[in-house]
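Heads up: the structure comes next, in structure tokens.
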Amino acid sequence: MKVVDVTYEHLKKERSNSPEDSFVRSTVTYVQDGNKKRFHVLYPAIFGETAKAKGIWGYDLPLQEAVALNFLSFYPGRKRLYINTEEEFFRLLNKSDLAQLYASLAEIKKNKSKTFNNEKMSRD
């Protein structure tokens, strides 16, 4: 699998009573078996803010970009994932080798791609 892009966006409100601006969509674009695919993770923005406040992510690249890259290894084959509990969000981050995740993200941003061989970002 070759990751070619990692992005994120804070959702914008479409209606005044919508809670959409409280969410982040993190996306990984990758090529697998010659097919271009995308994996989206939607989660409340407060989870990322809490991770920074707790000192879990202290790197110079946005955690929001790292989320989809990290979670893709735990949910292979999925197109979309919605994380609605802090427990699930932090469980997956705590299982991860964040230094390796950061290095992979930095390489993707620098070289516009990185090849993975079914490797997880986990500390296991």
Side-chain angles (χ1 to χ4, degrees):
M1 169 177 62
K2 182 177 182 178
V3 175
V4 295
D5 195 23
V6 181
T7 60
Y8 76 95
E9 66 177 326
H10 286 273
L11 299 185
K12 309 245 185 307
K13 283 188 176 203
E14 290 186 14
R15 290 181 273 158
S16 63
N17 61 347
S18 168
E20 286 178 314
D21 64 339
S22 302
F23 289 87
V24 173
R25 180 184 298 122
S26 179
T27 304
V28 172
T29 304
Y30 62 99
V31 176
Q32 187 172 36
D33 300 326
N35 297 315
K36 191 173 189 178
K37 300 179 180 185
R38 286 196 172 88
F39 173 67
H40 305 278
V41 179
L42 183 67
Y43 62 94
I46 191 73
F47 295 175
E49 295 166 17
T50 302
K52 289 179 190 173
K54 289 182 175 182
I56 293 172
W57 186 260
Y59 300 101
D60 61 342
L61 293 171
L63 172 64
Q64 295 90 335
E65 290 182 344
V67 167
L69 180 61
N70 184 40
F71 292 5
L72 176 63
S73 65
F74 292 100
Y75 295 95
R78 297 274 305 260
K79 291 182 180 182
R80 288 177 212 85
L81 178 65
Y82 174 60
I83 302 290
N84 62 351
T85 65
E86 277 191 347
E87 293 80 22
E88 178 72 0
F89 185 83
F90 288 110
R91 181 182 68 79
L92 294 174
L93 281 180
N94 289 332
K95 286 176 119 179
S96 304
D97 181 340
L98 297 181
Q100 179 186 355
L101 177 61
Y102 170 77
S104 296
L105 184 59
E107 183 177 335
I108 293 164
K109 291 297 180 181
K110 180 181 177 189
N111 301 325
K112 301 296 182 202
S113 70
K114 176 172 173 47
T115 302
F116 292 89
N117 296 315
N118 295 327
E119 58 196 73
K120 286 193 177 184
M121 299 288 173
S122 68
R123 290 184 246 172
D124 300 336

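As the structure is a computational prediction, the values presented were derived from the model and not from experiment.
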Check whether N70 reaches the backbone of A66 with its side chain - one donor and one acceptor, N or O, closer than 3.5 Å. no
Evaluate I108 against L69 for side-chain contact (heavy atoms from CB on, under 4.5 Å), listing each step before the verdict. CA-CA 10 Å; I108 293 164; L69 180 61; 3.8 Å; yes
Flag the pair L92 / Y75 as yes when at least one side-chain heavy-atom distance between them is below 4.5 Å, and no otherwise. yes
Same cluster (ILVMFWY, side-chain, under 4.5 Å), Y59 and V24: yes
Please report the closest heavy-atom contact between D5 and T7, naming both atoms and the distance. OD2-CG2, 3.3 Å
Mark yes or no for whether K109, through its side chain, and V6, through its backbone, hold a donor-acceptor pair below 3.5 Å. yes
Measuring only between side-chain heavy atoms, which start at C-beta, is H10 closer than 4.5 Å to Q64? yes
Using side-chain heavy atoms (C-beta onward) and a distance below 4.5 Å, is Y30 in contact with L72? yes
Under 4.5 Å between any side-chain heavy atoms of Y43 and L81, yes or no? no
Taking all heavy atoms of L63 and all of A51, pick out the closest pair and write down the distance. CD2-CB, 3.6 Å
Over all atoms of both residues, closest heavy-atom pair of L105 and P62: CD2-O, 4.1 Å
Enter the distance from E49:CD to I46:CD1 here, rounded to the nearest 0.5 Å. 4.5 Å
V3 vs F39 side-chain heavy atoms within contact, under 4.5 Å: no
Which pair of heavy atoms, one from S96 and one from F74, lies closest together, and at what distance? OG-CE1, 3.7 Å
Say you draw a straight line from CG of L101 to CD of E65; how long is it, rounded to the nearest 0.5 Å? 11.0 Å
Is R91 paired with E88 through a side-chain N to carboxylate O contact shorter than 4.0 Å? yes
Taking C-beta and beyond as the side chain, do F89 and T50 meet within less than 4.5 Å on heavy atoms? no
For the NZ atom on K2, are there more than 12 heavy atoms of other groups (residues, nucleotides or ligands in this structure) within a distance under 6.0 Å? no
Quick check for you: to the nearest 0.5 Å, what is the distance between K79 atom NZ and H40 atom NE2? 9.5 Å
If we only count heavy atoms from C-beta on, is the L42 to R80 side-chain gap below 4.5 Å? no
Rounded to the nearest 0.5 Å, how far apart are CH2 of W57 and OH of Y102? 8.0 Å
Hey, what do you get for CE (M1) to CD (Q32), rounding to the nearest 0.5 Å? 6.5 Å
To the nearest 0.5 Å, atom CD1 of I83 lies from atom CZ of F23 at 12.0 Å
